[in-house]
Number of protein chains: 4
Amino acid sequence: MPYDQLKAECCKINIDIVAAGLVKLTWGNASNVDRKAGVMAIKPSGVPYADLKPSDIIVLEIATGKVVDGTKNPSSDTPTHLHLYQQFPNIGGIVHTHSDYATSFSQALTDLPCLGTTHADHFYGTIPCTRPMTPEEIKGEYELNTGKVIVDTFRSRNINPDDVPGILVASHAPFAWGKTAAKALENAIVLEYVAKMNLQSYTIRNFRDNAQPIPQVLLDKHFLRKHGPGAYYGQPGDKH
Amino acid sequence: MPYDQLKAECCKINIDIVAAGLVKLTWGNASNVDRKAGVMAIKPSGVPYADLKPSDIIVLEIATGKVVDGTKNPSSDTPTHLHLYQQFPNIGGIVHTHSDYATSFSQALTDLPCLGTTHADHFYGTIPCTRPMTPEEIKGEYELNTGKVIVDTFRSRNINPDDVPGILVASHAPFAWGKTAAKALENAIVLEYVAKMNLQSYTIRNFRDNAQPIPQVLLDKHFLRKHGPGAYYGQPGDKH
Amino acid sequence: MPYDQLKAECCKINIDIVAAGLVKLTWGNASNVDRKAGVMAIKPSGVPYADLKPSDIIVLEIATGKVVDGTKNPSSDTPTHLHLYQQFPNIGGIVHTHSDYATSFSQALTDLPCLGTTHADHFYGTIPCTRPMTPEEIKGEYELNTGKVIVDTFRSRNINPDDVPGILVASHAPFAWGKTAAKALENAIVLEYVAKMNLQSYTIRNFRDNAQPIPQVLLDKHFLRKHGPGAYYGQPGDKH
Amino acid sequence: MPYDQLKAECCKINIDIVAAGLVKLTWGNASNVDRKAGVMAIKPSGVPYADLKPSDIIVLEIATGKVVDGTKNPSSDTPTHLHLYQQFPNIGGIVHTHSDYATSFSQALTDLPCLGTTHADHFYGTIPCTRPMTPEEIKGEYELNTGKVIVDTFRSRNINPDDVPGILVASHAPFAWGKTAAKALENAIVLEYVAKMNLQSYTIRNFRDNAQPIPQVLLDKHFLRKHGPGAYYGQPGDKH
């Protein structure tokens with residue numbers, strides 16, 4: 001069958017985002033593409049990950065959204081994925097999750113600036129948060145408009161989606177992508193990890209002035225009962 | 001036996017709330033109903049989850065609270081469950097846990113407003129926190145009064161319990177429900193997840209102005225040693 | 001052998017505190033007593049939990065601290081345990097860990113007031129933090145003095161250690177106890193859990209005024225695409 | 001083969017830092033030395049931990065950085081490790097991770113003062129954060145300069161690296177070391193644990209004044225329904 005490999009890979013990545021701890025219940029979906037064939041494969045809507053088989057995967061034409069393989073309803077987020085593949089020609093996979101730290105930044109309508117090298121190794125600068133969608137965008141073709149607001153954010157802020165392979169959709173959750181579905185998953189993992197660290201770094205910056213170290217005498221007591229010639233912790237013969 | 005299926009399902013859901021990570025020690029209980037038979041099944045009081053068997057489950061008449069099957073003491077929260085089934089005619093299952101983020105909102109006497117689509121997918125607006133119970137309510141029929149203060153919260157704030165299937169009991173912990181016991185469990189999982197994300201979103205909102213991105217030169221160094229023509233990370237032949 | 005049962009139970013509880021997630025590396029120890037025989041059993045110092053066997057356990061006279069069984073060095077915290085058994089005549093087991101939330105309250109020199117029923121179910125009011133130890137107490141018989149400052153805290157603040165079976169030692173970490181070693185472990189688990197929830201409740205209280213719910217139109221879109229007659233999420237035949 | 005034991009140990013420690021929960025993706029590396037032979041063994045660059053075999057390990061001369069065994073590219077952080085072994089003559093192993101709490105302190109450019117005995121048992125005082133590197137240091141021999149800024153921090157602040165076996169590199173992540181690679185791993189675990197606890201302790205200190213305990217009547221109700229003569233929780237015959 002022409003799409004067997006694409007569907008098998010799509011199924012695997014959808015299972016991998018669960019194994020990576022990024023998914024609760026059925027919140028999340030991954031897609032991949034065969035650019036030569038002009039098609040995208042995506043998870044069906046609302047199917048539990050534990051039951052997912054390659055034969056459940058839906059294949060659609062990228063240009064038209066027409067289903068070319070599969071019998072189930074595709075993910076309700078399908079129009080978002082299609083629009084991103086249409087507009088970002090270098091990407092080969094998309095991962096959408098509600099991973100909790102990244103989603104908390106989405107809920108706070110807040111960008112993720114680059115605070116360290118973990119971020120810099122994978123995203124070339126700030127990971128943007130989209131503007132809120134308008135009532136018309138929400139009431140209209142909502143999932144397509146979600147894709148459009150993502151693309152608009154990259155264009156209007158002059159960010160290259162190949163260098164910054166992910167975004168926070170305001171009041172919703174993150175999307176990540178990459179040259180391959182495996183890279184998209186990796187970027188989704190990084191996005192969640194740097195979101196957790198940014199939150200922690202902000203808290204440290206705001207609170208650190210209130211630290212109060214222990215007195216020297218207690219530091220001496222504990223360090224020296226375990227280290228050096230006076231150590232008495234452990235068993236005879238332990239090295240200190 | 002007439003209640004075998006109901007008891008088996010009740011036992012399963014009580015074990016599932018532990019597997020979902022919502023329960024420490026014996027803090028939590030789940031019930032389900034057979035509306036035609038007019039009965040509710042519930043976990044016995046203080047029995048460790050690891051030992052729970054369908055034959056331990058207690059079955060009671062919803063209207064009267066009379067035990068119709070089972071020999072153990074039912075959960076001490078039984079009067080709360082009975083009252084909710086009496087007053088909320090569309091619900092088929094209730095899950096009570098002390099899951100730690102939701103309980104922290106209970107302890108802070110604080111509603112959970114809807115900050116994002118994860119919440120909106122499952123709860124149609126703010127998840128309320130009850131008012132504190134009065135000394136008379138606490139000293140009197142405490143567990144029944146817990147049910148009453150839950151029902152009063154929905155009535156007085158004009159919230160439909162079918163649309164907002166859960167609540168935070170002030171100074172206590174969350175209750176969630178649904179058309180079925182499986183849906184009640186799902187809603188308890190969502191309630192805990194959005195509580196964690198709300199806490200994180202609040203922190204981000206309060207702290208984000210203090211972020212300080214790394215300098216461009218460090219961003220360049222790290223991104224470009226892994227990506228593009230000058231990359232030197234990894235093994236020869238790795239794709240960047 | 002006269003102490004075989006006591007040592008087996010002691011070994012089991014020491015392994016259980018690791019299984020409960022309360023221990024990193026070798027930070028922690030549990031003891032139990034045979035009041036009739038007047039002896040206490042405790043973990044050896046610095047032995048990895050993975051290797052712990054009942055034959056490693058040390059048995060000492062409560063009144064004198066004299067070792068009556070075992071060849072290894074007992075835990076360096078032994079004098080603390082002995083003093084607590086001498087002064088708190090109703091307790092049968094003690095668990096000491098560096099579990100991270102409770103220890104963070106110790107490091108902040110901060111009591112744990114009762115914020116909810118999870119706490120109230122197990123501890124009858126505030127879990128105290130000791131005063132800091134004096135330089136003389138630290139330089140002198142440090143571990144014995146740790147026991148003394150614990151006992152002093154209960155006496156001077158008029159708290160009954162049977163009703164509040166645990167404490168935070170300032171700049172150090174928690175101790176919990178109970179009528180049995182199993183109850184001491186349970187109380188150590190509760191202490192850690194309420195410490196985590198208190199921290200979260202404080203943060204919620206301080207930050208909640210800055211919450212900003214999503215607009216009604218987005219709430220409608222997400223709730224109604226999954227619930228009710230207009231739902232289009234999932235597969236045909238799914239119940240909404 | 002002369003380096004078989006060194007390479008096997010190096011491989012093991014690299015796998016152990018993953019098992020200890022300190023590593024995401026491929027972020028981290030561990031090295032060890034044979035001081036007599038004057039060589040260091042280190043992980044290859046960008047190889048997934050799951051596939052790591054002793055034969056993948058690279059061995060280099062400490063004094064010159066010349067590869068003496070192994071065919072893969074060594075970790076890109078190799079010049080940092082070499083410099084530390086050259087300058088800190090008593091250390092036998094180095095562990096570098098991006099563990100998330102320690103890295104959050106790096107990202108906040110913030111030292112870790114000693115707040116309690118968990119810290120004092122392993123680090124004899126403040127764990128320093130380096131100064132930010134200059135543009136010249138970043139654009140030049142970046143990984144070597146990372147080693148130099150670490151060494152400079154210890155020298156200029158007059159801290160003994162044998163007593164404080166770890167550091168936070170500003171905007172990057174922690175390095176830990178020890179007499180042996182196993183000790184370096186242990187210190188990396190402690191560094192992450194105390195970073196988490198410092199963050200929590202700071203939050204408690206800043207927020208604790210806003211705690212509001214539950215009323216006595218609710219405390220009485222919950223404690224007394226489980227404890228003492230009036231207890232009605234659990235099954236007949238349970239001990240309270």
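Hydrogens, waters and symmetry mates are skipped; everything else that's a heavy atom, side chains included, is used.
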Which heavy atom of [X] sits nearest to which heavy atom of [Y], and what is that distance?
X: B:Ile214; Y: A:Gly116; result: CG2-N, 3.6 Å
X: A:Gln107; Y: B:Arg205; result: O-NH2, 3.8 Å
X: A:His122; Y: B:Lys226; result: CE1-NZ, 3.9 Å
X: A:Cys114; Y: B:Leu219; result: SG-CD1, 4.0 Å
X: B:Glu186; Y: A:Leu25; result: CG-CD1, 3.7 Å
X: A:Asp100; Y: B:Tyr193; result: N-OH, 3.2 Å

Side chain / backbone / both / neither for [X] at chain B, heavy atoms under 4.5 Å:
X: A:Thr117; value: both
X: A:Leu115; value: both
X: A:Ser201; value: neither
X: A:Tyr101; value: both
X: A:Asp163; value: both

State, with a plain yes or no, whether a side-chain heavy atom of [X] is found less than 4.5 Å away from one of [Y].
X: B:Arg208; Y: A:Tyr202; answer: yes
X: A:His119; Y: B:His222; answer: no
X: B:Ile204; Y: A:Ser104; answer: yes

Is it true that atom CD of A:Glu141 has more than 12 heavy atoms of other residues, nucleotides or ligands lying nearer than 6.0 Å?
->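 12 or below, so no.
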Indicate the ring-plane relationship of A:Tyr124 and B:Phe223, choosing parallel, tilted or perpendicular according to the 30° and 60° boundaries.
->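 Parallel.
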Between B:Leu224, B:Ile189, B:Asp121, B:Leu199, the one whose heavy-atom pairs under 4.5 Å with chain A are most numerous |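 Highest number of heavy-atom pairs under 4.5 Å: B:Ile189.
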Check the pair A:Thr110, B:Phe207 against side-chain contact (heavy atoms from CB on, under 4.5 Å), reporting the backbone distance first and the verdict last.
-> CA-CA 11 Å; A:Thr110 302; B:Phe207 280 160; over 6 Å; no
Report the distance from atom CD of B:Gln200 to atom NZ of A:Lys196, rounding to the nearest 0.5 Å.
->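 Answer rounded to 0.5 Å: 8.5 Å.
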